[in-house]
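Take a look at the structure below.
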Amino acid sequence: MPELPEIETLIRQLGNVLAGERVRAVRIFDEKLDPLPDAIDRGVRAVRRAGKGVEIDLGGPAIHIHLRMSGRLHWRSPGDIIPPHARFGIVFEAGEVLCIDPRRFATLTWHWAPAALRKQTANLLAGLDIPDIRARARGRRLPVKAFLLDQQAMPGMGNIYACEILFAAAVSPWRRAGEVTTIEWERIAAAAARILREAVYCRGTSISDWRDLFGRPGEYQRRLRVYGREGKTCYRCPARIERRKLGGRGTYYCPGCQG
DNA sequence: CCCTATGTTCCCAA
DNA sequence: CTTGGGAACATAGG
């Protein structure tokens with residue numbers, strides 16, 4: 001479920017709560033996941049986002065968490081109950097970072113040198129590099145929405161925000177990526193910068209069950225302009241919003257004004 | 001029973 | 001080898 005704004009919300013909250021903390025233990029509740037014995041007693045140097053991944057930097061080596069579809073992170077203070085579907089917990093002096101994940105897709109991995117492995121990837125919050133994007137899209141025949149969801153080109157981009165960005169930019173999700181014009185890429189880049197920043201400010205989108213580290217829902221669901229509005233009148237033209245499958249994902253768009 | 005779900009990866013065909 | 005599409009992963013809810 002979580003996309004870039006939701007992960008950004010989590011890493012900011014984790015950065016506050018884990019400052020100066022040391023890993024006391026890693027508890028594995030789901031046998032699918034491997035234990036992380038090398039994490040014990042290491043101090044937290046930083047918490048950062050890598051696309052949709054959470055990276056807890058332990059001063060060189062790092063713990064990497066990917067929440068996939070249904071994963072959540074929950075801050076458990078000492079003495080609090082453990083909620084259902086807990087898959088692992090990272091125990092610190094001040095409390096425990098619990099991963100709650102009904103569908104069990106979330107991953108927990110150990111990396112000795114993540115900085116070396118980490119590719120030089122764009123930070124979408126800093127803005128899109130239009131020449132770079134155009135070069136990557138050149139000749140590609142896949143729909144532009146599928147291109148936006150390519151994590152190599154757009155680390156952190158997810159289904160909800162891709163729909164919102166293409167609606168704001170008035171570009172059809174089915175336009176072939178290689179045929180998107182420079183003017184349209186400029187509109188997409190402007191929409192992406194604005195929407196992603198607003199969504200971070202709102203602490204994400206709580207459509208069903210997204211909650212932040214402290215169990216609070218986000219606010220961006222109140223600002224969605226197209227996602228989830230199937231059958232309702234477009235905010236920009238008289239047409240009705242439609243929903244179709246694109247690459248297996250529900251895709252909301254306005255047939256009237258998304259040329 | 002059907003379909004859906006904010007993600008990624010693997011397999012297969014062109 | 002590349003590209004793009006679909007299924008699989010596992011579970012809950014409508």
Pair [X]-[Y], side-chain donor/acceptor within less than 3.5 Å:
{"X": "Y220(A)", "Y": "S206(A)", "value": "no"}
{"X": "Y253(A)", "Y": "E242(A)", "value": "yes"}
{"X": "S70(A)", "Y": "D101(A)", "value": "yes"}

Give a yes/no on whether any side-chain N or O of [X] is located under 4.0 angstrom from OP1 or OP2 of [N].
{"X": "R68(A)", "N": "dC9(C)", "value": "no"}
{"X": "K52(A)", "N": "dT6(B)", "value": "no"}
{"X": "H66(A)", "N": "dT8(B)", "value": "yes"}

What contact category does G71(A) fall into here, base, sugar-phosphate, or nothing, at under 4.0 angstrom with non-hydrogen atoms?
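If one applies the 4.0 Å heavy-atom cut-off, G71(A) turns out to touch nothing in the nucleic acid.
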Which is true for S208(A) with a 4.0 Å heavy-atom rule: it touches a base, it touches only sugar-phosphate, or it touches nothing?
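Base contact.
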What integer distance in Å separates [X]:[atom1] from [N]:[atom2]?
{"X": "Q221(A)", "N": "dA5(B)", "atom1": "CD", "atom2": "P", "value": "18 Å"}
{"X": "K145(A)", "N": "dG7(B)", "atom1": "NZ", "atom2": "P", "value": "9 Å"}
{"X": "L246(A)", "N": "dG7(B)", "atom1": "CG", "atom2": "P", "value": "14 Å"}
{"X": "M69(A)", "N": "dT6(B)", "atom1": "CE", "atom2": "C1'", "value": "7 Å"}
{"X": "L224(A)", "N": "dA5(B)", "atom1": "CG", "atom2": "P", "value": "14 Å"}
{"X": "E230(A)", "N": "dT4(B)", "atom1": "CD", "atom2": "P", "value": "10 Å"}
{"X": "I7(A)", "N": "dT8(B)", "atom1": "CD1", "atom2": "C1'", "value": "13 Å"}
{"X": "D101(A)", "N": "dC9(C)", "atom1": "CG", "atom2": "C1'", "value": "11 Å"}

Answer yes or no: is there a donor N or O on one side and an acceptor on the other, between the side chain of R42(A) and the main chain of V23(A), under 3.5 Å?
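No, R42(A) side chain to V23(A) backbone: no donor-acceptor pair under 3.5 Å.
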Ionic contact status for R22(A) with D41(A), cut-off 4.0 Å:
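No, no charged N to carboxylate O under 4.0 Å.
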May I ask you to say whether E96(A) pairs ionically with R27(A), meaning some side-chain N is under 4.0 Å from a carboxylate O?
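Here E96(A) pairs with R27(A) in a salt bridge, since their nearest N and O are under 4.0 Å apart.
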Can you tell me how far [atom1] in [N] sits from the matching atom in [M], rounded to whole Å?
{"N": "dT4(B)", "M": "dG6(C)", "atom1": "P", "value": "14 Å"}
{"N": "dA7(C)", "M": "dC2(B)", "atom1": "P", "value": "15 Å"}
{"N": "dA10(C)", "M": "dC10(B)", "atom1": "P", "value": "14 Å"}

Among Ile, Leu, Val, Met, Phe, Trp and Tyr joined by side-chain contacts under 4.5 Å, find the other residues sharing a cluster with I82(A) and list them by chain and number.
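Taking Ile, Leu, Val, Met, Phe, Trp and Tyr as members, I82(A) shares its hydrophobic cluster with F29(A), L98(A), I100(A).
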Determine the interplanar angle of the W110(A) and W112(A) rings, folded into 0 to 90°, and report it as parallel if under 30°, tilted if 30 to 60°, perpendicular if over 60°.
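If you compare the ring of W110(A) with that of W112(A), the planes turn out perpendicular.
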Could you tell me which residues satisfy salt bridge (Lys or Arg N to Asp or Glu O under 4.0 Å) with R194(A), sequence neighbours excluded, listed by chain and number?
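Salt bridge (Lys or Arg N to Asp or Glu O under 4.0 Å) check on R194(A) returns E198(A).
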Passes side-chain hydrogen bond (donor to acceptor under 3.5 Å, both in side chains), T251(A) versus R243(A)? Steps please.
CA-CA 5 Å; T251(A) 300; R243(A) 176 184 164 282; over 6 Å; no
Measuring only between side-chain heavy atoms, which start at C-beta, is H85(A) closer than 4.5 Å to R87(A)?
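Yes - at least one pair of side-chain heavy atoms lies under 4.5 Å apart.
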Quick one, D30(A) and F88(A) - any side-chain contact, counting heavy atoms below 4.5 Å?
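No, every pair of side-chain atoms sits at 4.5 Å or beyond.
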Check nucleotides 3-7 of chain C for protein N or O atoms closer than 3.5 Å to its own N or O atoms and list the pairs.
residue, atom, partner, partner atom, Å
dG4(C), OP1, R141(A), N, 2.6
dG4(C), OP1, L142(A), N, 2.8
dG4(C), OP2, R140(A), NE, 2.8
dG4(C), OP2, R140(A), NH2, 2.8

Tell me, what's DNA chain B's dot-bracket, Watson-Crick or G-U with both distances under 3.5 Å, | for other-strand, [ ] crossing?
.||||.||||||||
By a strict heavy-atom criterion of less than 4.0 Å, which residues belonging to residues 156-172 of chain A are in contact with DNA chain B?
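Contacts with DNA chain B under 4.0 Å: G158(A), N159(A), I160(A).
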Rounded to the nearest 0.5 Å, what separates atom CZ in R244(A) from atom CD in E230(A)?
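So the CZ of R244(A) and the CD of E230(A) are separated by 12.0 Å.
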Are F147(A) and W185(A) near enough that their ring centres are under 6.0 Å apart?
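Centroid separation for F147(A) and W185(A): below 6.0 Å.
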Enumerate all atom pairs, one protein N or O and one N or O from nucleotides 10-14 of chain C, separated by less than 3.5 Å.
residue, atom, partner, partner atom, Å
dA10(C), O4', R103(A), O, 3.2
dA10(C), O3', R104(A), NH1, 3.3
dA10(C), N1, R103(A), NE, 3.1
dA10(C), N1, R103(A), NH2, 2.4
dA10(C), N3, R103(A), NE, 3.0
dT11(C), OP1, R104(A), NH1, 2.9

Quick one, E184(A) with R175(A), criterion salt bridge (Lys or Arg N to Asp or Glu O under 4.0 Å). Give me CA distance, side-chain angles, the key distance, then yes/no.
CA-CA 11 Å; E184(A) 288 172 327; R175(A) 176 76 57 79; 2.7 Å; yes
